Structures are given as structure tokens and as C-alpha cells.
Amino acid sequence: MNKILNYISSGTGFGIKFILIITLLASIKTTLNLRDNAKIAIPYAQQTADKLLPITISNNVITNPADTFRDASINLGTFNDQPMLLPIILNTTVDSLDATKLPTGIYLTRKYIYTVNNNQIRTTQYPESLKLEKQDYTEVFSDFLNQMAFYVWIFCAIGLFVFYFLSAIVFAFTAWLLSLLFRKKIDFDSRMRLSILCLFAVYMLAFFANTLGLPIPGLGIFIIMIITQGIIIHMLPTQTAEA
């Protein structure tokens, strides 16, 4: 414990390495959870492919199947005892649709793909040429998810690092308030090291608690942080630093 107190009171820097550690752990855990949850959708994606394919596109237009209507809607379960369907419709009897009147879903015509989400409409043109056979795409979907997981991990790590660093700054302010309460002068660098160490300890606790199926809510983390800061500040020597 004395080493920790000495590091806080007499160390150098903010202790960014501890934020990097929790960022690495949290980003890996988050990415793996997202990937595993996404894998559940692979069978549904294959079912959709079985219903829609084969498809041939030439000159940015679906040429096969021609004059065809296929419904590949996905059942997402029930809500208030009502079935929840995500419409995925292939309609090559028309070139375009009035998407403003369509519910949330994906709609394919001869020339365009319409993605409708809460009245937000995105219209996408087909590539110059493409041929999709009717076959098992399970491995393709799985490989795609694994590739996407890498990019998700990068963005997740960046976002979490910024979040934890800003959180440390906020808790450096609460540490300043607690230092006034305990009448101890603590400079900004020491308060940052204190806050980052407390964040590291509390989030590691929350990580293991969540693994055991005992999640700690955000308010609980905040309260534990304040209590931990208060205990450590009380233990710090009064000559910690000059204001």
C-alpha cells in the first residue's frame, strides 16, 4: 500500500498505462461479445440468402430473377404478443418504389436497394455486374464477422480510451473536492494518478463481478470510486504536493 501511496504522491505522469490496460481488456471483451451476438444471426442470414438467391446483375440492373416477387422477411420474435418482422423484399417487377410509405426494412427492385429505418430512407444503386449463386454462405458470413471484429475493436478501443481518460479528469475534480474536505493539498498530476488507479481497480472489480453474473450499475461504480478516493486521500501524507 505504501508503494501505491508513494506513486500517487511522488510519481510522475498521469498513469496512462493503467487506462491502456483497462481499455485493452474492455475493448476485447466488448468486441468478442458483439461478435458472438452477431454470429447468432448467421443462420437467419443464410435463410435470407436461400430465399432471395440466385441473383444476377448486369449494367446495374437485376436481370435474374425477372418479374419476380420474393419475401425473405425475418421473424425477430414477439413484442406485446405481436410478431416482429423485418421485411426483406425482392420485387423485380418494378424499377423503383415510393419508399416513404414503406415500413422499416430492406427492399430490392430491378434498379435499387431501399433501406428504410424509422422513416430514414437510403437508396443504393447496384454494382455494374454481380452474380450470386444459391449456395451455403455460412463460412463467408463467419469470415466477414471476424474481419469486421478487428475494425470494431480498433474503434471500440479508441472510444473507450477517450471515455476512461475523460472519466479520470472528472474524478480528478472529485478528488480535489475530497482533498478540500480532508484539508490536504494535492496537485493535478497526483489527482490524475489517484483517479486513474481508482478507475483501474474499480473497473477490474466490475469486470470480474460482471463475469460472475453480478453486474455493478454505473451509479454503483461512481459511489465506489468516491469512497475509494476518499480512503486513499485520507491515507496520503499531508505534504503530498504543493497546490
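In what follows, every heavy atom counts, from backbone to side chain, and hydrogens, waters and symmetry copies are set aside. This structure is a prediction, so every number in the text was calculated from the model and none was measured.
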#### Entry: Nearest non-hydrogen partners of Ile74 and Thr48, listed with the distance
CD1-OG1, 3.5 Å

### Message
Looking only at the side chains, is there a donor atom on one of Gln46 and Asp50 sitting less than 3.5 Å from an acceptor on the other?
### Response
yes

### Query
Do Asn59 side-chain atoms and Val61 backbone N/O form a donor-acceptor pair below 3.5 Å?
no

### Message
Would Ile88 and Leu52 count as a side chain to side chain contact (heavy atoms under 4.5 Å, CB included) here? Give the steps.
### Response
CA-CA 9 Å; Ile88 302 178; Leu52 294 179; 3.9 Å; yes

### Task
First locate atom CD1 of Ile121, then atom CG of Leu102, and finally report the distance between them rounded to the nearest 0.5 Å.
7.5 Å

### Query
Mind checking what makes side chain to side chain contact (heavy atoms under 4.5 Å, CB included) contact with Asp98, not counting sequence neighbours?
Thr100, Lys101

### Query
Mind checking whether Lys39 and Ile42 have side chains closer than 4.5 Å, heavy atoms only?
yes

#### Entry: Joint hydrophobic cluster, Ile196 plus Val170, side-chain heavy atoms closer than 4.5 Å
no

### Message
Restricting to side chain to side chain contact (heavy atoms under 4.5 Å, CB included), what partner residues turn up for Leu132, sequence neighbours left out?
### Response
Leu53, Leu130, Tyr137

### Query
Of Thr23, Leu197, Leu199, which meets side chain to side chain contact (heavy atoms under 4.5 Å, CB included) against Phe18?
Leu197

### Task
Tell me, please, which residues at least two apart from Phe207 pass ring-ring contact (aromatic ring centres under 6.0 Å, His included).
none

### Query
Does Thr104 reach the main-chain N or O of Asn117 with its side chain, forming a donor-acceptor pair under 3.5 Å?
no

### Message
Testing the basics here: between Met192 and Ala172, what is the closest heavy-atom pair and its distance to 0.1 Å?
### Response
SD-CB, 3.8 Å

### Task
Mind checking side chain to side chain contact (heavy atoms under 4.5 Å, CB included) for Pro65 and listing every partner two or more places apart, or none if nothing turns up?
Ile55, Ile62, Thr68, Arg70, Leu90

#### Entry: Atom of Gly220, atom of Ile216 and distance for their closest heavy-atom approach
C-CG2, 4.0 Å

### Message
Quick one, Ile89 and Ser73 - any side-chain contact, counting heavy atoms below 4.5 Å?
### Response
yes

### Message
Could you check whether any side-chain heavy atom of Leu177 comes within less than 4.5 Å of a side-chain heavy atom of Leu181, counting everything from C-beta outward?
### Response
no

### Message
If the condition is side chain to side chain contact (heavy atoms under 4.5 Å, CB included), which residues does Gln120 pass it with, not counting sequence neighbours?
### Response
none

Let me check something: any side-chain donor-acceptor pairs from residues 152-162 under 3.5 Å, sequence neighbours excluded? List them with distances.
unit_1	atom_1	unit_2	atom_2	d
Trp153	NE1	Ser27	OG	3.0

### Partner set under ring-ring contact (aromatic ring centres under 6.0 Å, His included) for Phe144, not counting sequence neighbours
none

### Message
Please give me the minimum heavy-atom distance between Cys198 and Gln229, naming the atom from each residue.
### Response
SG-CG, 3.9 Å

### Check: Ile232 and Thr228 side chains under 4.5 Å, non-hydrogen atoms
yes

### Query
Cluster question for you: counting only ILVMFWY and a side-chain heavy-atom cut-off of under 4.5 Å, with indirect links fine, are Leu194 and Ile16 together?
yes

### Query
Under 4.5 Å between any side-chain heavy atoms of Ile186 and Leu236, yes or no?
yes

#### Entry: Hydrophobic cluster membership, Leu219 vs Leu205, 4.5 Å side-chain cutoff
yes

### Same cluster (ILVMFWY, side-chain, under 4.5 Å), Val202 and Ile231
yes

### Gap separating the CD1 atom of Ile22 from the CZ atom of Phe200, nearest 0.5 angstrom
7.5 Å

### Task
Could you check if a side-chain atom of Ile113 sits within less than 4.5 angstrom of a side-chain atom of Ile106, using non-hydrogen atoms only?
yes

### Message
Just to verify, what does Phe222 make a ring-ring contact (aromatic ring centres under 6.0 Å, His included) with, not counting sequence neighbours?
### Response
Phe171

### Query
Residues two or more places apart in sequence or in another chain: which of them pass salt bridge (charged side-chain N to carboxylate O under 4.0 Å, His left out) with Arg110?
Asp95

### Query
Relative to the ring of Phe14, is the ring of Phe165 parallel (under 30°), tilted (30 to 60°) or perpendicular (over 60°)?
tilted

### Task
Verify, without hydrogens or angle tests, whether Arg35 (side chain) and Asn146 (backbone) share a donor-acceptor contact under 3.5 angstrom.
no

### Pairwise distance CG(Asn91) to CG(Leu108) - rounded to 0.5 angstrom
9.5 Å

### Summary
Note: Ala175 and Ile233 closest approach over all heavy atoms is O-CD1, 3.5 Å

### Residues which pass salt bridge (charged side-chain N to carboxylate O under 4.0 Å, His left out) with Glu133, listed by chain and number, not counting sequence neighbours
Lys131

### Nearest heavy-atom neighbours spanning Ala149 and Thr31
O-CG2, 3.2 Å

### Query
Does Thr92 reach the main-chain N or O of Asp67 with its side chain, forming a donor-acceptor pair under 3.5 Å?
yes

### Message
I'd like to know if Phe69 and Ile57 are part of one continuous hydrophobic network [Ile/Leu/Val/Met/Phe/Trp/Tyr, side-chain heavy atoms within less than 4.5 Å].
### Response
no

### Task
Report yes or no: does Asn60 contribute a side-chain atom to a donor-acceptor pair with the main-chain N or O of Tyr126 at less than 3.5 Å?
yes

### More than 12 heavy atoms from other groups under 6.0 Å of OH on Tyr44
no

### ring-ring contact (aromatic ring centres under 6.0 Å, His included) partners for Trp176, two or more places apart
Phe173

### Message
Keeping Lys184 on the side-chain end and His234 on the backbone end, is there a donor-acceptor pair under 3.5 Å?
### Response
yes

### Partners meeting side-chain hydrogen bond (donor to acceptor under 3.5 Å, both in side chains) with Ser142 (sequence neighbours left out)
none

### Message
Less than 6.0 angstrom separating the ring centers of Tyr107 and Tyr112, yes or no?
### Response
no

### Rounded distance (nearest 0.5 Å) linking atom OH of Tyr203 with atom CE of Met225
8.0 Å

### Task
Could you verify whether a donor N or O on one side chain and an acceptor N or O on the other, from Asn33 and Thr30, lie under 3.5 Å apart?
no

